[in-house]
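Ligands are counted one by one from 1 in listed order, and the atoms in each one are counted from 1 as well. Note that the numbering runs from 1 along the sequence shown for the chain.
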Amino acid sequence: MTPDPWKLLELARAAASEAARLAVERRPADLGVADTKSSPTDVVTEMDTAAEALIRELILEQRPDDAFLGEEGGADSGRGAEMGHGAVRWVIDPIDGTVNYLYDLPHWSVSVGVEVDGVTVAGVVAAPRLGEVYTAVRGAGAWCNDTRLRVRPATDLGSALVATGFGYRAERRERQGAIAGALLPRVRDIRRNGSAALDLCAVAAGRLDGYYERGTHHWDRCAGTLIAIEAGAVVEGFHGAAASEQMSIAAPHGTFSALHDALVELGADDDDY
Ligand code: IPD
């Protein structure tokens with residue numbers, strides 16, 4: 001039986017809210033780095049690990065056979081598909097914007113996407129220090145708290161406010177910086193806010209004209225992508241490919257092509273960085 005996406009959203013929202021509360025209330029004043037991943041600046045704090053464990057525990061209490069993909073806890077394939085259900089997978093970034101969280105900057109989020117048979121059907125991005133919870137259900141719309149979201153009207157590139165992000169490896173950052181530098185005179189301005197999930201939500205909320213980034217992971221993008229699409233954005237990679245680690249571009253229809261084409265002109269679609 002295919003699970004009801006609204007019920008999945010309700011559980012995702014409850015789990016994300018509890019994890020967000022934990023991350024706010026239990027953040028040690030002297031929070032340090034517990035571990036590093038792809039580079040010395042790609043950090044994990046004890047709270048990333050604790051928040052993801054809590055999300056998994058709360059979901060498993062109600063749905064013990066489901067699969068998981070999490071930034072900190074990795075993949076767990078569950079038993080749902082074997083049992084012939086619509087297979088459900090929970091895609092978790094317990095703290096997206098870990099560096100902001102480490103520095104006690106408020107711009108970070110807890111992101112939980114829910115896939116059924118490989119399709120994202122519901123998503124939550126909770127930003128407790130901003131007082132915002134973004135939600136979406138496939139085909140039904142996207143919200144910030146109780147407000148329905150809609151992207152900005154299309155604009156020309158020269159008037160576009162565009163966000164991006166940078167990876168953690170020095171060589172990739174050098175190229176990303178050069179591309180952002182070359183894009184800068186062609187757009188209104190560039191933002192680097194530090195949470196890919198919230199960048200996608202900002203496109204959904206009409207607070208940005210576009211966002212692009214190379215190197216994000218599925219857990220950074222899963223919930224935010226659905227939220228952006230449900231608010232009217234196009235979210236794709238280069239040349240019609242699905243958004244992926246190679247590239248994720250999000251913008252309203254009508255702004256998307258100008259941003260995509262400018263990035264291609266600047267060589268952002270080369271695979272050598
Ligand atoms: C990071 C943030 C950041 C983006 C990086 C991501 P994390 O996620 O989303 O904005 O630029 O690419 O890795 O590591 O804080 O979960």
Test: Arg188 and Asp209 ion pair at under 4.0 Å: no
Close approach of Ser195 to ligand 1, heavy atoms, under 4.0 angstrom: yes
Closest to atom 4 (C) of ligand 1 among Glu71, His107, Glu213 (heavy-atom distance): Glu213
Full working for side-chain hydrogen bond (donor to acceptor under 3.5 Å, both in side chains) between Arg221 and Thr216: CA-CA 7 Å; Arg221 296 187 307 268; Thr216 56; 3.1 Å; yes
Atoms in ligand 1 with a heavy atom of Gly165 nearer than 4.0 Å: 11 (O)
Polar proximity ligand 1 side, Asp96 side, N/O cut 3.5 Å exclusive: yes
For Phe166, atoms of ligand 1 separated by under 4.0 Å from a heavy atom: 11 (O)
Min N/O separation Gly97 to ligand 1 under 3.5 Å: yes
Glu245 and Arg172 ion-paired at < 4.0 Å: no
Leu200 side chain near Ile227 side chain, heavy-atom distance below 4.5 Å: no
Per-residue contact class, Arg192 against ligand 1 - non-hydrogen pairs under 4.0 Å: side chain
Lys/Arg N to Asp/Glu carboxylate O, Asp199 vs Arg191, below 4.0 Å: no
Region of Trp108 engaging ligand 1 - heavy atom pairs below 4.0 Å: neither
Interatomic spacing from CG in Leu259 to CD1 in Ile249 - rounded to 0.5 Å: 5.5 Å
Per-residue contact class, Ala196 against ligand 1 - non-hydrogen pairs under 4.0 Å: both
Element-labelled atoms of ligand 1 that are located less than 4.0 Å from some non-hydrogen atom of Asp93: 16 (O)
Side chain, backbone, both or neither: the part of His217 lying under 4.0 Å from ligand 1 by heavy atom: neither
Side chain, backbone, both or neither: Asp220 near ligand 1, heavy atoms under 4.0 Å: side chain
Residue-ligand contact Gly167/ligand 1, heavy atom below 4.0 Å: no
Flag side-chain contact, heavy atom, 4.5 Å: Glu72 against Asp35: no
Atoms in ligand 1 flagged as close to Gly194, the criterion being non-hydrogen separation under 4.0 Å: 2 (C), 3 (C), 10 (O)
Arg26 and Arg21, any side-chain heavy atoms less than 4.5 Å apart: no
Lys/Arg-Asp/Glu bridge criterion (N-O < 4.0 Å) met for Arg56, Asp66: no
Within 6.0 Å of CG in Asp146, more than 12 heavy atoms from elsewhere: no
Contact with ligand 1 for Tyr101, non-hydrogen, under 4.0 angstrom: no
Short side-chain donor-acceptor distance under 3.5 Å, Thr98 and Asp48: yes
Ala197, any N or O under 3.5 Å of ligand 1 N or O: no
Non-hydrogen atom of Val99 closer than 4.0 Å to ligand 1: no
